[in-house]
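All ligand and atom numbering here is 1-based and tracks the order in the structure.
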Amino acid sequence: MSFASLGLSEEILRAVSERGYTEPTPIQAQAIPVVLSGRDLMGGAQTGTGKTAGFTLPILQLLTAAKPTTGKAPIRALVLIPTRELAAQVEESVREYGKYLSLKSMTMIGGVNINPQIKQLHGRVDILVATPGRLLDHLQQKTVDLSHVEILVLDEADRMLDMGFIRDIKKILAILPKKRQNLLFSATFSDEIKALADGLLTNPALIEVARRNQTAELIEQRVYPVDRERKRALLTHLIKEHNWFQVLVFTRTKHGANNLAEYLIKDGIPAMAIHGNKSQAARTRALAEFKTGKLQVLCATDIAARGIDISELPHVVNYELPNVPEDYVHRIGRTGRAGSNGEASSLVCIDEHKLLYDIERLIKREITVVQVPGFEPDPRIKAEPILNGQNRGGGGGQRQGQGRSKPRTGGGQARAGGGPRTSAGGAKQASGAGRGAAPVLHRSGGRGR
Ligand code: AMP
């Protein structure tokens, strides 16, 4: 399959080929003809699948084919994106793919001065890429006119809902012209997403490409058992030992991200934290330096990392496992994308065995365990609950869903079959069937990596 066979114009094909793409990804091959036909679309695809070009290329084509020739062009395509970084990246893609066309695009995001945006809206804007909050600000101030929107894209719809944007989105939808083409992309199809899609889409084509958790062959996943107090030392060791660059490290909390970045800097590793409390300028700068390789490590929370697209990111580290197993899939989806290899390493302490079990159940595979010599967990250390940011090992976080638990053991049954941990602290333990062994992760896998 080639891009040329998809019905795209010569100008668009030229830009695509200059971007270095030789053939469409599965979502592109399926979505481009559907969008070109004018049909609504429900796309099951997450970041990393090439979905951005999947909707951007045909939109550029549709807008060029029926371009108003006179007067000030109105906004005809609206792309709603949950995060600022992703919005900026998507608009950059629109500009790049449309560089041989005369369409104009604009990024509209919060966290930056609104006045330059108002000024830009006085000029021509064909494609508006916006985050919902700032778009609503403009709508309230009547500085944006959406009455000519022909195509709406709701990107990362599941993230939008997770981030509490549903009311904002409904307000925006109410303002748009009734007759329009709608494209909705989501990595998951929860009941909430289905309800949103039902209200939004008319006779949509359904396209679902394999989720990363089913196509993760390109991602080498590893679990490094370590005591919670020694995670920082192990992370420094791994980064230095293997000379890792462009490492995206996930923590559960902003505080944890800050602490870890400070610690790494003290250890001589250029690092920065990226999260919602940072100004937009600081986030943009951190991301830019990280992309160029100047910044070796970026410490991020799940929210901050959503939508960050850094192609060919070689290393993702779960400094702390996420509470929600799906977030693991999103996190490691940052690496090994579009044909390049990636490594996803998880530093797992005794408190996190249940989280690891839930993740493995979701991805339907056991992750290789690698024990780094010198960092073997101390068998005397007992599991502690992770509550409200108090977990000492790495900046804390909240743990939920302690109800089910399966022992993941080496030295005997580490935890009695499925007893809930108590909030008073400490896991219910079977202490290695009387041998005093603590939970040990010791499946297959190399040593000392
Ligand atoms: P996306 O899922 O849209 O965020 O895209 C993920 C990554 O894949 C981006 O870095 C794109 O530049 C890259 N990409 C998109 N389409 C292709 C393609 N057809 N061939 C190779 N890489 C692509």
**Request:** Could you give me the CA-CA distance, side-chain angles and deciding distance for Ile27 and Lys51, then say whether side chain to side chain contact (heavy atoms under 4.5 Å, CB included) is met?
**Result:** CA-CA 6 Å; Ile27 186 83; Lys51 70 179 156 64; 4.3 Å; yes

**Request:** Please name all residues satisfying side-chain hydrogen bond (donor to acceptor under 3.5 Å, both in side chains) with Thr131, sequence neighbours left out, ordered by chain then number.
**Result:** none

**Request:** Run the numbers for me: atoms of ligand 1, each under 4.0 Å from some heavy atom of Lys51, listed by number.
**Result:** 1 (P), 2 (O), 3 (O)

**Structural part of Phe55 in contact with ligand 1, heavy atom criterion under 4.0 angstrom** = neither

**From Thr52, Ile27, Val90, Val16 - option closest to atom 3 (O) of ligand 1 by heavy atom** = Thr52

**Message:** Would Thr251 and Glu320 count as a side-chain hydrogen bond (donor to acceptor under 3.5 Å, both in side chains) here? Give the steps.
**Reply:** CA-CA 5 Å; Thr251 59; Glu320 294 157 320; 4.7 Å; no

**Prompt:** Is the backbone N or O of Thr49 less than 3.5 Å from a side-chain atom of Thr25, with the two atoms forming a donor-acceptor pair by type?
**Reply:** yes

**Prompt:** Which ligand 1 atoms does Phe3 reach within 4.0 Å, using its non-hydrogen atoms?
**Reply:** 19 (N)

**Prompt:** Do any N/O atoms on Gly50 end up under 3.5 angstrom from N/O atoms on ligand 1?
**Reply:** yes

**Request:** Measure from the side-chain N and O atoms of Glu150 to the backbone N and O of Ala77, and report whether any donor-acceptor pair falls under 3.5 Å.
**Result:** no

**Request:** Examine ligand 1 and decide if any of its atoms is less than 4.0 Å from a heavy atom belonging to Arg19.
**Result:** yes

**Asked** Is ligand 1 under 4.0 Å from a heavy atom in the side chain of Glu23, in the backbone, in both, or in neither?
**Response** backbone

Output a table of donor-acceptor pairs, distance under 3.5 Å, between side-chain atoms of residues 195-207 and any protein atom two or more places apart or on a different chain; print 'none' if there are none.
none

